[in-house]
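Index from 1, following the sequence.
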Amino acid sequence: MAAELTVHQLIAKHRPTLDQALEAIRTRAYWSPHPEHPKAYGEQGSLDMAAGKAAFDALLGTRLDLGQPGTDDFVGGEVSPYGIELGVEYPHADVDVLLPAMKAGQKAWRDAGAEIRAVVCLEILKRISDRTHEFAHAVMHTSGQAFMMAFQAGGPHAQDRGLEAVAYAYVEQVRTPDTAEWTKPQGKRDPLALTKQFTPVPRGIGLVIGCNTFPTWNGYPGLFASLATGNAVLVKPHPRAVLPLALTVQVARDVLSEAGFDPNLVALTAERPGEGIAKTLATRPEIRIIDYTGSTAFGDWLEANARQAQVYTEKAGVNSVLVESAGDYKGMLANLAFSLSLYSGQMCTTPQNLLIPRDGIRTDEGPKTFDEVVADLARSVDGLLGDDARANALLGAIVNPDVKARLEAAAGLGEVALASREIANPEFPGAVVRTPVVVKLDGAKPDDEAAYMSECFGPVSFAVAVDSASDAVELLRRTIREQGAMTVGAYTTDEEVEQAVQEVCLEEAAQLSLNLVGGVYVNQTAAFSDFHGSGGNPAANAALCDGAFVANRFRVVEVRREA
């Protein structure tokens, strides 16, 4: 099939989806082309659950040769948090060979234009979607997410975020017309007339530095934002979570080749144990864009040292929930219990600090003391996770030894209101599964401040006693300003308190969820509608996804001619 015909087919196939995505980001209404329910994929003729599991199993112990130039070795070593050795080997790159090969395809990709780039990206996403069951197992066994979460967050929700980035990229590129006829009157003389041509041009090669916990959800926005704006993309996965992004690169290379473009526009480089190639890659002159999710220390290093690149970082923050009063006490407790438990708290959006007045709160069940609120929350978590099968389905597995160490150390930081317990996973005996710990701290004690004013990533939360609602608001402000926050929650029936919390979040640029008691949780965001992070506080310098996330991945170059 001719490449030109393939491109026309892709436009016919995917332009309606692109248009729907453009409408969704304009209205912020709910929309997704990617079903959340596993059974939907069998009905669509895609891989069903058994076939997806079989496809994943077939990958174990194999070598994933992507046919990339500059491959000088194959490396692996991933071990599932559920105790399985994956045994998959991936290409290790000689970047002096790979990077020039990646740049070679950028001219044709640039000249293709915004629409063709967008529909090629949508075809990549469609083929990934068709393999969602397979990808779900890959995400599960690299991140430790339970299967249903890996399916949804690692599959349709990640694909939504990728599509959202493509939509924003398209909007920003077509904001300026391709051509313009410019005429300036000169009185009695002939007017000045120019023909002007405007071309979005890529910055260079984008580098995506993957994370362990959400390799696709956090990786797809930067990957597709850079690709859709004309840049080649090099993917450097986290050493413990290579497989989901390696499969993504494999699909992208296949689609690019079939559409008549250079497959080396997207490439993967895995690393040997302890090699630490991210620093080397990040400062290469060919790397002009970097997308990173991970620790504050390395994010700060990238921002300070990768001076040749436009750097987008999502780092650590301290997320707080202010509890001043509750119109639905049981609903609040149930919502918080789920938020603290989901994926063992291993989300950048999980609440850590619960700011509660020491004199207690007003509720629809009458006044509750600080101790009663914390004890009731502990009982709510216990009730949610009391059945081991349900607990395994919510908690998943602890992703790495550092999280386990922080969880065990947290009990020594204060009075334990809810002790963590070990849960056996009958299907995966090697999995490390732990319920959350809740520790009481005093907001007035300097010794306690060292604990609650730093991120304790994992299933650890602090119930922090404060003198008043106004003190809670000020502590919230200071926490966001000094430590950053990806999310903020608040429960209050007082209009003045609500306004004060809202004003803090507006001034400090933090995303706020008020009085959530139903099936939406503070640590979840929906693509096309919710912004993940703001880019306005220390937790992240970018938001997923807005115009600022894509607009500086390309520049517009003008050519003028006499008319």
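Residues passing the ring pair (Phe, Tyr, Trp, His ring centres under 6.0 Å) test with Tyr168, sequence neighbours excluded: none. In this view, Phe370 satisfies the ring pair (Phe, Tyr, Trp, His ring centres under 6.0 Å) rule with no residue, not counting sequence neighbours. Phe135 is linked by a ring pair (Phe, Tyr, Trp, His ring centres under 6.0 Å) to nothing, counting only residues two or more places apart in sequence or in another chain. Residues meeting the salt bridge (Lys or Arg N to Asp or Glu O under 4.0 Å) test with Glu415, sequence neighbours left out: Lys440. With sequence neighbours left out, the salt bridge (Lys or Arg N to Asp or Glu O under 4.0 Å) criterion links Glu372 to no other residue. Looking at residues two or more places apart in sequence or on another chain, you find no side-chain hydrogen bond (donor to acceptor under 3.5 Å, both in side chains) involving Asp359. Tyr329 meets the ring pair (Phe, Tyr, Trp, His ring centres under 6.0 Å) test with no other residue; sequence neighbours excluded. Shown here are the side chain to side chain contact (heavy atoms under 4.5 Å, CB included) partners of Glu303, two or more places apart in sequence or in another chain: Asp300, Val311, Thr313, Lys315, Asn541. Applying the salt bridge (Lys or Arg N to Asp or Glu O under 4.0 Å) rule to Glu422 yields the partners Arg434; only residues at least two apart in sequence or on another chain are considered. A search for salt bridge (Lys or Arg N to Asp or Glu O under 4.0 Å) contacts involving Asp494 returns nothing, not counting sequence neighbours.
The pair Glu172-Arg553 does not count as a salt bridge, with every side-chain nitrogen at least 4.0 angstrom from each carboxylate oxygen.
Taking the six-membered ring where tryptophan is involved, the planes of Phe214 and Trp217 are perpendicular, since the angle between them exceeds 60° and thus also 30°.
Note on residues 479-488: pairs passing side-chain hydrogen bond (donor to acceptor under 3.5 Å, both in side chains), not counting sequence neighbours, are Arg481-Glu508. The salt bridge (Lys or Arg N to Asp or Glu O under 4.0 Å) contacts involving residues 136-163 comprise Arg161-Glu164, where partners must be two or more places apart or lie in separate chains.
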